A.B. asks: 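I'd like to ask you about the structure that follows.
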There are 2 protein chains.
Amino acid sequence: MNGAAQGAFRALADPTRRAILMKLSHENLSIGTISDQFPMTRAAVKKHLNILEEGGLLSVHINGRERINCLRPEGIKSAFEWIQYFDRFWDGKLGKLQEVVEKEEKSNSKEKEK
Amino acid sequence: MNGAAQGAFRALADPTRRAILMKLSHENLSIGTISDQFPMTRAAVKKHLNILEEGGLLSVHINGRERINCLRPEGIKSAFEWIQYFDRFWDGKLGKLQEVVEKEEKSNSKEKEK
DNA sequence: TGTTTATATGCTCAGATGAAAATATCAATA
DNA sequence: TATTGATATTTTCATCTGAGCATATAAACA
């Protein structure tokens, strides 16, 4: 669970790759169509697609001489689930973080616990 | 909105940094305490902390000669929200992706629609 | 039919460039 | 002195390009 997320997070770190994922969320595209929309060579785009594929974020469907790149939502979900762990800090469910912080800071000079 | 996510995604790409965030979700820690738990030097941990701070994922609260590193959930949320766009593909809300893919592949040799 | 020839599409490799990760060492601060 | 920050340096990794090669389709010719 944790290991699978690494490939996804690595893939998501690059803005070009995130833009590719956005495009693929609208329609499945060949590498030629994709590379036309980015200011870089096909080879560079291909490397991004490889990293996305290694991360499990897209799959390739071969059709004749065309290779159609398709979004693989499950791969993105693995990163989503990792981040989701922190949603306890957003909705006020466990929003005492700030208090704890400030309490620590002020009481730290008084006493040292544990 | 999109620009802010870059710093967060960059920070989340490294497993050490994600582990640090996990530790900070339990308690606020100084760099000394953190670096004791990782097989690298304090300087290396410090750089990770800097990147986390640049990405807005943690904040530093100075307390005497100690600097307490605190989780900043809002920073993580920016990445979360970007990924959340794709949740339409998980819950079956718009889960026709697979169909479209396969239909494309097979009907591509027959006809070209839109 | 069958076989070239051309074109479109895409992959892979070697290499240049720059960024990131980690270390060792020195400086700053309470 | 103890804790932390900052800098210079090395090593590793990421990104991108250019050139060359491979394959599928389509057209041209026997």
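Numbered from 1 within each chain, the chains take letters A, B, ... in sequence-line order. Predicted model, so just to flag it, every value in this text is computed and none were measured.
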A.B. asks: Could you provide the dot-bracket string of DNA chain D, using ( ) for intrastrand pairs, [ ] for crossing pairs and | for bases paired to another strand, with Watson-Crick or G-U pairs below 3.5 Å?
C.D. replies: ||||||||||||||||||||||||||||||
A.B. asks: Would you say A:Glu54's side chain and A:Leu49's backbone share a donor-acceptor pair under 3.5 angstrom?
C.D. replies: no
A.B. asks: Any side-chain N or O of A:His48 less than 4.0 Å from the OP1 or OP2 oxygen of D:dA14?
C.D. replies: no
A.B. asks: Check the distance between D:dG5's C1' and B:Ile62's CD1 and give it to me in whole angstrom.
C.D. replies: 11 Å
A.B. asks: Is the shortest heavy-atom distance from the side chain of B:Leu58 to the side chain of B:Leu71 under 4.5 Å?
C.D. replies: no
A.B. asks: Of the options D:dT9, C:dA24, D:dA14, whose atoms approach the side-chain atoms of B:Lys47 most closely?
C.D. replies: D:dT9
A.B. asks: Are the aromatic ring centres of B:Phe9 and A:Phe9 under 6.0 angstrom apart?
C.D. replies: no
A.B. asks: For the residue pair B:Ile31 and B:Arg67, establish whether any side-chain heavy-atom pair is separated by less than 4.5 Å.
C.D. replies: no
A.B. asks: Does a side-chain N or O from A:Thr41 land closer than 4.0 Å to OP1 or OP2 of D:dC16, or not?
C.D. replies: no
A.B. asks: Side chains of B:Leu29 and B:Asn69: closer than 4.5 Å at any heavy-atom pair?
C.D. replies: no
A.B. asks: Please figure out whether A:Arg10 or A:Pro39 has its closest DNA chain D nucleotide nearer the 5' end.
C.D. replies: A:Arg10
A.B. asks: Nearest whole angstrom, please: distance from the P of D:dG5 to the CG of B:Leu49.
C.D. replies: 8 Å
A.B. asks: Side chain of B:Ile51 only, please: which of C:dT12, C:dA21, D:dA14 is the nearest?
C.D. replies: C:dA21
A.B. asks: Nearest whole angstrom, please: distance from the C1' of C:dA16 to the CE of A:Met40.
C.D. replies: 17 Å
A.B. asks: Could you tell me whether the side chain of A:Gln6 and the main chain of B:Ala13 form a donor-acceptor pair under 3.5 Å?
C.D. replies: yes
A.B. asks: Assign each of A:Ala43 and A:Ala13 to its nearest nucleotide of DNA chain D by heavy atoms, then name whichever residue's nucleotide is nearer the 5' end.
C.D. replies: A:Ala13
A.B. asks: Give the minimum heavy-atom separation between A:Leu24 and A:Cys70, together with the two atoms involved.
C.D. replies: CD1-C, 4.5 Å
A.B. asks: Nearest whole Å is fine: how far is C:dA20 C1' from A:Asp14 CG?
C.D. replies: 14 Å
A.B. asks: Is a side-chain donor or acceptor of B:Arg17 paired with a backbone partner of B:His48 at a separation under 3.5 angstrom?
C.D. replies: no
A.B. asks: Starting at atom CD1 of B:Ile34, determine the distance to atom P of D:dT3, rounded to an integer number of angstrom.
C.D. replies: 15 Å
A.B. asks: Rounded to the nearest angstrom, tell me the gap between atom NE2 in A:His61 and atom C1' in D:dA24.
C.D. replies: 20 Å
A.B. asks: Which label fits A:Phe86 and A:Trp82: parallel for a plane angle under 30°, tilted from 30 to 60°, or perpendicular past 60°?
C.D. replies: tilted
A.B. asks: Using the 3.5 Å cut-off, write out each protein N or O paired with an N or O of nucleotides 5-10 of chain C and the distance between them.
C.D. replies:
from   : atom 1 : to      : atom 2 : distance (Å)
C:dG10 : OP1    : A:Ser30 : OG     : 3.4
C:dG10 : OP2    : A:Gly32 : N      : 2.8

